[in-house]
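Below is one structure, written out as structure tokens; the observations come after it.
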Amino acid sequence: MSGEERAHDARDGLYDRLKAYEGKPAAIAGRGKDPVNLPMIRHWCEAMGDAHPAYRGPDAVAPPTMLQAWTMGGLSGHQDRSEAYGELLGLLDGAGYTSVVATDCEQEYLRPLRPGDEITFDAVVESVSPRKTTKLGTGHFVTTRMDVRAGGELAGTHRFRILKYAPAARPAKPVEPVEPAKPAESVERPRRPRPVVNRDNAGFWEGVAAHRLLIQRCTACGTLRFPWLPGCNDCGAGEWDTVEAGGEGTVHSYVVMHHPPFPAFDPPYAVGLIELAEGVRMISNVVGVPYDKVRIGMPVRLEFQRVDEELELPVFRAVEDGPAAGPGEGER
């Protein structure tokens, strides 16, 4: 803390009042809304792409990093937040620190959680920092520690840190002279970002240049993997070869990009997580239909889209309403 910040805290006495909340409860006798269960474990693993066998079958355990998931209240929230924690946040709000951002968390795992475990938890205000100035603004870091129990036995701890701050004033942008508009035919479209090509994925981009979508295959266990990696996630082997994707797939999930704007793109546009017929998934654009017509489960077909004189990319054309376009017929 700088000398100016120390002087500020000494003048208003706020930090002494904030420090008084250290050690007070933040949540009391919290209870997980659901026991540890296989469906939630499955959803988590699918979202994370984690196929570890320990998380499946009759002897499954929950991934350790799901620790906080069993304590979350969902959209309806929890009613176990303590009065003291509400007072602390209210004190910060009243001092002008009305914005909040989560900064980091730390977890400690003491025993595996298994389907059927009933989760309870308590939380305490572990620390409140002196006044800090960050790029976001000036405020105080508040750290809570949650003790998570299964059947009354301590299973793990979860430290969660937030910054309650007053946003920094943004400097006014200088007014730039307005240049005369170029004729429409002379306006050049900004180039799309270049892919990062390295020794681990160079073979993939060589395949794209030849209009082939190549998937890595572990030569030890036969597992297909995408994106390209230096070793197999399943068996750890480093040797591999490739198989060429047939080009058929479906939209496993998607987002519609509206913001932030980027000159090389025309938002809104759809970005899909495509599940290929071979069983791996990749991220790419969905073309051939308006962004608001993209749907989960929609069949798509690979094609290669030239976006400028140097760059060609694999994209997926929706084929729900008709035959797929051939390679090289992608839209600009």
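Computed from a predicted model, the values in this text were never measured in an experiment.
Within 6.0 Å of CZ in Arg199 there are 12 or fewer heavy atoms belonging to other residues, nucleotides or ligands. Within 6.0 Å of the CD atom in Glu309, the count of heavy atoms belonging to other residues, nucleotides or ligands exceeds 12.
Closest of all the heavy-atom pairs between Leu214 and Phe204 is O-CD1, 3.7 Å. Across Ala245 and Leu276, no two heavy atoms sit closer than the pair CB-CD1, 4.3 Å. The two residues His140 and Arg131 come nearest to each other via the heavy atoms CE1-N, 3.3 Å.
Between Val315 and Glu303 the shortest side-chain heavy-atom distance falls below 4.5 Å.
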Practice item. Could you walk me through whether Leu88 and Leu18 pass side chain to side chain contact (heavy atoms under 4.5 Å, CB included), step by step? Key: CA-CA 7 Å; Leu88 170 60; Leu18 296 174; 3.6 Å; yes
Review point. Taking it one step at a time, do Glu312 and Arg306 satisfy side chain to side chain contact (heavy atoms under 4.5 Å, CB included)?
Key: CA-CA 4 Å; Glu312 200 162 15; Arg306 179 162 294 282; 3.2 Å; yes
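Ring pair His211/Phe304 is parallel by interplanar angle, where below 30° counts as parallel and above 60° as perpendicular. Aromatic ring orientation, His52 versus Tyr55: tilted (interplanar angle from 30° to 60°). The aromatic rings of Trp240 and Trp228 lie perpendicular to each other, with more than 60° between the two planes, well past the 30° mark. Between Phe265 and Phe262, the two ring planes are tilted [angle within 30° to 60°].
A salt bridge links Glu106 with Arg161: the closest approach of a Lys/Arg side-chain nitrogen to an acidic carboxylate oxygen falls below 4.0 angstrom. Salt bridge status for Glu310 with Arg191: present, with a side-chain N to carboxylate O gap under 4.0 Å. Salt bridge present: Lys164 and Asp93 bring a charged side-chain N and a carboxylate O closer than 4.0 Å.
Taken together through direct or relayed side-chain contacts under 4.5 Å among Ile, Leu, Val, Met, Phe, Trp and Tyr, Val280 and Val300 form part of one hydrophobic cluster. Put simply, Val208 and Val243 are part of the same group of oily side chains (I, L, V, M, F, W, Y) that touch within less than 4.5 Å, one to the next.
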Enumerate donor-acceptor pairs with a distance under 3.5 Å from any side-chain N or O in residues 112-119 to protein atoms, sequence neighbours excluded.
| unit_1 | atom_1 | unit_2 | atom_2 | d |
| --- | --- | --- | --- | --- |
| Asp117 | OD2 | Arg111 | NH1 | 3.4 |
| Asp117 | OD2 | Arg114 | N | 2.8 |

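One finds the OG1 atom of Thr71 at 4.0 Å from the CE atom of Met146 (value rounded to the nearest 0.5 Å).
Legend: residues meeting side chain to side chain donor-acceptor pair (under 3.5 Å) with Arg145, ordered by chain and number and at least two apart, are Glu126, Asp147.
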